[in-house]
Amino acid sequence: MRTQVGIVGAGPAGLMLSHLLHLAGIDSVVIERRSREYVQKRVRAGVLEQGSVDLLVGSGVGERLLREGARHEGIELRFDGESHRVPMTELTGRAITVYGQQEVIKDLIAARLAAGGQLLFEVDDVVLRDLDSEEPSIRFRHEGRDVELHCDFVAGCDGSHGVSRGFVPDGVFTTYEREYPFAWLGILAAAPPAVHELIYANHERGFALYSLRSPEISRLYLQVAADTDIAEWPDDRIWSELRTRLETVPDWTLNEGPILEKGVTPMRSFVVEPMQWKRLFLAGDAVHIVPPTGAKGMNLALADVALLAKAFGAWYDGGQDELLATYSRDALRRVWRAQHFSWWMTSMLHRLPDQDPYERQLQRSALRYVTSSKAYATSLAENYVGLPEV
Ligand code: APR
Ligand code: PHB
């Protein structure tokens with residue numbers, strides 16, 4: 001088999017890259033370890049920055065997003081028994097849209113298949129070869145057969161557990177990392193959200209987040225210990241803890257309903273530099289992970305591949321390799337802005353197991369400052385809605 005760009009991974013990064021390349025007249029094949037059903041059902045985050053919405057709409061895959069996504073112009077910060085609104089649109093002129101990642105995945109898969117795109121699901125034993133030559137290839141097993149896919153370039157979009165990075169020699173990459181001593185327990189509930197905007201709550205028992213997916217479905221999260229076993233959290237305990245952490249202001253109650261899905265997500269900050277080696281280009285979670293507090297993961301993946309698609313476009317359109325050469329440097333500027341913002345939101349909102357009273361007071365001061373100073377609130381807002389240039 002032969003293609004121009006071989007793409008490993010059908011998450012937002014891999015699928016969007018394939019879609020943008022197609023629009024530029026460049027052929028690609030996407031190979032994915034899981035089944036189509038699995039990737040379309042995998043519940044993940046759901047906040048799209050204005051720039052991500054513009055990218056999806058501008059490239060012709062935003063029709064359902066515009067119809068079903070919910071535009072939000074502010075968020076609420078809840079602490080010390082009070083609620084404060086950060087009016088993002090008033091402060092920045094931009095907004096976010098809540099639309100589940102798996103919905104973006106469904107839309108992208110449908111668009112690729114409608115355009116005759118090649119997506120191979122349930123592949124195994126992926127091996128990258130000859131990355132330092134002009135004809136790299138990807139070997140894998142698919143439907144019981146060994147396949148060798150020859151390409152001009154390989155795009156490693158295979159997420160945090162991907163294999164692509166592992167085919168680069170030792171000593172090329174520098175890794176930056178931070179583990180947090182807590183995780184998020186997330187639920188999807190058949191309950192009409194009691195909110196119009198997201199609530200980020202700092203409570204002495206730990207962080208909680210109230211989000212939503214639709215007028216009928218709520219999405220909520222609780223900070224829990226890093227080694228939490230989900231079996232220790234029957235539904236009653238989850239609702240009781242959510243009530244304790246969120247029902248801290250007068251006359252406000254949660255809406256409860258059957259829990260449709262629950263899971264524990266570890267919290268990690270992680271960057272690998274550079275995002276390229278020879279003919280291998282890396283994008284999304286394969287090279288950087290942020291804790292979900294800043295809602296940046298999917299947005300970063302989309303921003304990476306927007307740059308990468310442009311760089312491949314320039315290469316195929318007359319052999320200009322300058323944008324490919326600067327891809328990693330340019331993408332990393334946004335990556336590090338998001339790293340700092342996600343770390344800062346995480347530090348301000350969570351309860352650390354060994355937090356001393358001094359740190360606790362600093363955290364409360366930061367929360368009071370960000371909800372009273374227009375300058376500080378604008379800093380939060382412009383990062384949250386996404387900076388156009390970084
Ligand atoms: N071979 C083929 N596919 C693989 C392999 C492999 N060896 N390893 C992993 N994959 C697939 C995964 O099954 C997944 O579908 O690569 C895909 C990577 O997709 P994501 O994990 O969604 O990563 P990315 O596209 O970079 O998007 C980042 O996803 O995890 C969230 O919070 C994150 O929102 C962010 C977004
Ligand atoms: C979500 O809706 O899943 C969500 C929202 C905001 C976050 C993280 C996740 O910061």
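These values consider heavy atoms only, across backbone and side chains, with no hydrogens, waters or symmetry-generated copies. Both ligands and their constituent atoms are indexed starting at 1 by order of listing. Index from 1, following the sequence.
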Is the contact between Y99 and ligand 2 made by the side chain, the backbone, both, or neither, using heavy atoms and a 4.0 Å cut-off?
neither
With a 4.0 Å heavy-atom cut-off, what residues sit around ligand 1?
V8, G9, A10, G11, P12, A13, I31, E32, R33, R34, V39, R42, R44, Q101, V126, C157, D158, G159, G162, V163, G284, D285, G297, M298, A301
Counting only heavy atoms not in E63, do more than 12 sit closer than 6.0 Å to its CD atom?
no
Can you list the atoms of ligand 2 that are under 4.0 Å from a heavy atom of A45?
3 (O)
For the ring pair Y327 and W315, is the centre-to-centre distance below 6.0 Å?
no
N or O contact, S211 vs ligand 2, cut-off under 3.5 Å:
yes
Check each atom of ligand 2 against the heavy atoms of Y200 and keep those under 4.0 Å away; list them by number with element.
6 (C), 7 (C), 10 (O)
Going by the order shown, which atoms of ligand 2 are within less than 4.0 Å of some heavy atom of G46?
1 (C), 3 (O)
Between H350 and F182, is the ring centroid distance below 6.0 Å?
yes
Closer than 4.0 Å to some heavy atom of V47 - which atoms of ligand 2 meet that?
5 (C), 6 (C)
Derivation of the side chain to side chain contact (heavy atoms under 4.5 Å, CB included) call for F79 and R368
CA-CA 9 Å; F79 60 96; R368 276 197 295 267; 3.9 Å; yes
Would you check the N or O atoms of R213, main chain and side chain alike, for any that come under 3.5 Å of an N or O of ligand 2?
yes
Using a 4.5 Å cut-off on heavy atoms from C-beta on, say whether the side chain of M16 contacts that of S59.
yes
Distance under 6.0 Å and angle within 45° of ring axis: K278 vs F153:
no
Using links of under 4.5 Å between side-chain heavy atoms of ILVMFWY residues, direct or through other members, which residues join L362 in one cluster?
Y358
Got L246 and W252 here, is their nearest side-chain heavy-atom distance under 4.5 Å?
yes
Classify the contact between T293 and ligand 2 as side chain, backbone, both or neither, using a heavy-atom distance cut-off of under 4.0 Å.
backbone
Side chain to side chain contact (heavy atoms under 4.5 Å, CB included) filter on D251, not counting sequence neighbours, yields none
Pair E382 + R94: basic N to acidic O under 4.0 Å:
no
Closer than 4.0 Å to some heavy atom of L198 - which atoms of ligand 2 meet that?
5 (C), 6 (C)
Spacing of R44 atom CZ and I105 atom CD1 [to the nearest 0.5 Å]:
8.0 Å
What protein heavy atom sits nearest atom 3 (O) of ligand 2, and how far off is it?
Y221 OH, 2.5 Å
Could you list which atoms of ligand 2 come closer than 4.0 Å to a heavy atom of P292?
7 (C), 8 (C), 10 (O)
Side chain to side chain donor-acceptor pair (under 3.5 Å) involving W277 - partner list, sequence neighbours excluded
none
For ligand 2, which atoms have a heavy atom of W184 less than 4.0 angstrom away?
8 (C)
